[in-house]
2 protein chains.
Amino acid sequence: MNSYSEMGEEMKMTMKDIAKLANVSQATVSRVINGNPNVNKEAAKRVFKIIEEVGFKPNRTAQTLKNNASFLTGVSVIDISNPYFMDLIEALEYESRQHGYNIIIHNSNHNVLTEWDNIQNFMARQVDGILLVPTTSHNLSALKKLEVPTVIITQIKDEFDSVAVSHKQGVKLVAEHLISQGHHKLGYIGPMHDERLLFFKEAIFNNGLCLRDENIIELGSDSNSQYSIRQDIIKYLDTHEKLDFTAVFGFNDVGAFEFMKLMNERQIKVPEDIAVVGFDDTILSKSLSISSVHQPIRDMMQMAFSILQKRIKGEIEETPIKIELEPSLIIRNSSK
Amino acid sequence: MNSYSEMGEEMKMTMKDIAKLANVSQATVSRVINGNPNVNKEAAKRVFKIIEEVGFKPNRTAQTLKNNASFLTGVSVIDISNPYFMDLIEALEYESRQHGYNIIIHNSNHNVLTEWDNIQNFMARQVDGILLVPTTSHNLSALKKLEVPTVIITQIKDEFDSVAVSHKQGVKLVAEHLISQGHHKLGYIGPMHDERLLFFKEAIFNNGLCLRDENIIELGSDSNSQYSIRQDIIKYLDTHEKLDFTAVFGFNDVGAFEFMKLMNERQIKVPEDIAVVGFDDTILSKSLSISSVHQPIRDMMQMAFSILQKRIKGEIEETPIKIELEPSLIIRNSSK
DNA sequence: CTGAAAGCGCTAACAA
DNA sequence: TTGTTAGCGCTTTCAG
């Protein structure tokens, strides 16, 4: 009976234990595991056999400490309950697995302080890189100083590698679609300071129309939970007896979705009375058949990860890489 | 001089650096950080100041190695694209953050091998514990041998701490609800081997009725993606000219949801022609107003995490803790 | 109160 | 082809 199985409670094996069992030095075990060719075939075979038998796995923590590489990536998103970011996470879990990486996921909840906490935690955990959906630009300069490989996702930010869809183009598609459907009075659901609002106004203006302030259903920019979005829309509806627009654009699917549900509840017909278009093309727009701007999430995350990898390996020059993909508009029942 | 400092990249600070700057030994820095009271107030203040100034964070990897505690938890779920598991992940991210833990999330994709990979990876990463939504019971005995603190979630498994909702009770609520609505011919959407099917049959039988085999829309048990579920349902619909049931129970929301959408597409009225009930009460059932069995996810994950913590600290006896919560049925338009 | 030193599990010179 | 050894950054005796 081997000494390792003598105890009822088997201790966690280390290379030292394997070495003893295989009658080699611990360094040789390390060599075998790391595929170093300068090892006697017989010895290697012995080592492999033992490893197999006892199910040994090298301690990644020790490797991280020694190699200064953790194969960990930190991911911070602004709202984990939004299906869009869930899709992002799904894609990232897949993508990182393909490359032997693991991810640590954090929700910043639209909170700048929490986001900074997240970043600090990533650093303490020795992540090799960070993928960030930033709350605002608030933490970016401090993050830059940390000099940790970082790719900003879903937004394009100065001085950072960034992968995103062109919001401007996506919003333009929405505006032109609605206008081409004969809508002249448009509305918007979303935060005031969002670039999608600016682009929407711009696109409308370029078509000889304009977006009236009264037709903006403002959402609080910090608390974008489904519940608070619903409340914000209700507040608007309660203070506006009659809606002065025939088509509305939700800056994201959650906004469009909640609006859609409220319309249903109030017996207002979509698209007959009001057309609705969302953004992100999540399960929300798919389920209620809401037109929405589609983002190629898989591609985006694949690119983001690939850039991050290159950055980690130092394979690319310092100038930030900006990738802006073209979105497409998926037209569904809510706007035709 | 290595390539990093040549490139002007500031090296990562260590306790040694802080010690030098504060004119104390590295051990003292460690004491200060860990709140050891036996440190000169002045010295401590100096150390704190430096730490603050340079933004030092102790290396968690080194701590893990030394302390044999990582404050990492491994989470493996069977289908990350299912909103139900996304809700689970959201709750776990929140819960673990509250306790200073981080989670590593893996998708096993209903694949036993992938699940075992995930577990191996968790071990290599030195997680303090594992939260597992098991694919099958296949890996459980091997997992047991690893002697790592583990809590099984969403299912109750022998020999393991488990936290779940009573599937039996949930399914019973569904059956009784449908029957009380006057439905005598019932259908089921889901895998053949799932316990929910057994419980459904049982509950129906206890009400003097039975579930006919022809009314089972079988879903492949290994590939539960939204797409394949849809395909399975389509296959059934294509081979059954007329549906011989007036109410159907989807073993999860994805099944109910896809069925619902197909009914809409084929102009079959819900609930007039067919009533639909799902399971999990996810955003899917909420969006299409499908009745569904609600699971108290936040509570479940809170309990699961709490048990895991106690297990990690060795605060509880060896006999597994089983927690089975009562589900509730949320009745919506799809069945009334 | 404080510093020196051992060691967590691993990798990578360096010798042999 | 091997073993010995020196750390990676940290915590914790053990002396002083």
Side-chain angles (χ1 to χ4, degrees), chain A residues 4 10-48 50-51 54-72 120-121 123-128, chain B residues 2 4-5 10-48 50-51 54-72 120-121 123-128:
Chain A
Y4 59 82
E10 50 186 274
M11 282 314 310
K12 203 166 277 181
M13 283 274 167
T14 70
M15 283 192 179
K16 212 163 120 190
D17 302 319
I18 305 295
K20 204 169 292 170
L21 292 170
N23 255 309
V24 292
S25 74
Q26 190 236 44
T28 296
V29 176
S30 174
R31 287 191 187 99
V32 171
I33 286 175
N34 293 301
N36 185 320
N38 300 326
V39 179
N40 179 291
K41 302 282 178 209
E42 291 305 315
K45 207 188 281 179
R46 257 185 0 257
V47 170
F48 274 133
I50 308 272
I51 287 176
V54 305
F56 171 75
K57 277 273 179 184
N59 183 327
R60 293 283 238 145
T61 300
Q63 290 178 318
T64 297
L65 191 58
K66 180 68 193 173
N67 297 339
N68 208 25
S70 61
F71 289 86
L72 268 182
Q120 291 286 87
N121 185 51
M123 298 310 289
R125 291 270 181 207
Q126 310 301 113
V127 300
D128 293 340
Chain B
N2 61 33
Y4 278 128
S5 26
E10 53 185 270
M11 283 314 308
K12 206 166 275 182
M13 283 271 170
T14 70
M15 282 192 180
K16 212 163 120 190
D17 302 319
I18 305 295
K20 204 169 292 169
L21 290 172
N23 255 309
V24 292
S25 74
Q26 188 236 46
T28 296
V29 176
S30 174
R31 289 192 185 98
V32 170
I33 286 175
N34 292 302
N36 185 318
N38 300 327
V39 179
N40 179 290
K41 303 283 177 207
E42 291 306 315
K45 207 187 281 180
R46 251 176 15 247
V47 171
F48 274 132
I50 308 272
I51 287 177
V54 305
F56 172 75
K57 278 273 181 184
N59 183 327
R60 279 290 260 117
T61 300
Q63 291 178 319
T64 296
L65 191 58
K66 180 69 193 175
N67 298 339
N68 209 25
S70 62
F71 290 87
L72 268 181
Q120 291 285 86
N121 184 50
M123 297 309 290
R125 290 271 183 207
Q126 311 299 115
V127 299
D128 294 339

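Residue numbers start from 1 in every chain, and the chains themselves are labelled A, B, ... in the order their sequence lines are given, proteins ahead of strands.
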Just call it for Asn40(B): base, sugar-phosphate, or nothing, with non-hydrogen atoms closer than 4.0 Å on any strand.
->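 Sugar-phosphate, backbone atoms only, no base.
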Using heavy atoms to find the nearest nucleotide of DNA chain C for Pro37(B) and Lys16(A) separately, return the residue whose nucleotide is more 5′.
->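 Checking each residue's closest nucleotide, the 5'-ward one belongs to Pro37(B).
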Nearest-nucleotide comparison on DNA chain C, the residue closer to the 5′ end among Leu65(B) and Val24(B) |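 Checking each residue's closest nucleotide, the 5'-ward one belongs to Val24(B).
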Hey, is the main chain of Ala69(B) close enough, under 3.5 Å, to the side chain of Asn67(B) for a donor-acceptor pair?
->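 No, the answer is negative, given that no donor and acceptor are paired below the 3.5 Å cut-off.
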Rounded distance in Å - CZ (Arg46(A)) to C1' (dT2(D)) |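 That distance rounds to 12 Å.
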Between which nucleotides of DNA chain C, 5' to 3', does chain A make heavy-atom contacts below 4.0 Å?
->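 Range of nucleotides within reach of chain A: dG9(C) to dA13(C).
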With rounding to the nearest 0.5 angstrom, report the [atom1] to [atom2] distance, [X] to [Y].
X        : Y        : atom1 : atom2 : value
Met13(A) : Asn59(A) : CE    : CG    : 14.5 Å
Ile50(B) : Leu21(B) : CD1   : CG    : 5.0 Å
Gln26(A) : Lys20(A) : CD    : NZ    : 11.0 Å

Just do the side chain to side chain contact (heavy atoms under 4.5 Å, CB included) check on Thr61(A) and Thr64(A) with the steps written out, would you?
-> CA-CA 5 Å; Thr61(A) 300; Thr64(A) 297; 5.6 Å; no
Under 3.5 Å, side-chain donor or acceptor atoms of residues 30-38 of chain A against the rest of the protein: list the pairs with distances, not counting sequence neighbours.
| residue | atom | partner | partner atom | Å |
| --- | --- | --- | --- | --- |
| Ser30(A) | OG | Asn34(A) | ND2 | 3.3 |
| Asn34(A) | ND2 | Ser30(A) | O | 2.9 |
| Asn36(A) | OD1 | Asn38(A) | N | 2.9 |

What protein N or O atoms touch nucleotides 12-16 of chain D N or O atoms at under 3.5 angstrom, if any, and at what distances?
| residue | atom | partner | partner atom | Å |
| --- | --- | --- | --- | --- |
| dT13(D) | O4 | Arg31(B) | NH2 | 3.4 |

Heavy-atom closest contact (Lys57(B) atom, Ala124(A) atom, distance) |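 Minimum heavy-atom separation between Lys57(B) and Ala124(A): CB-CB, 4.4 Å.
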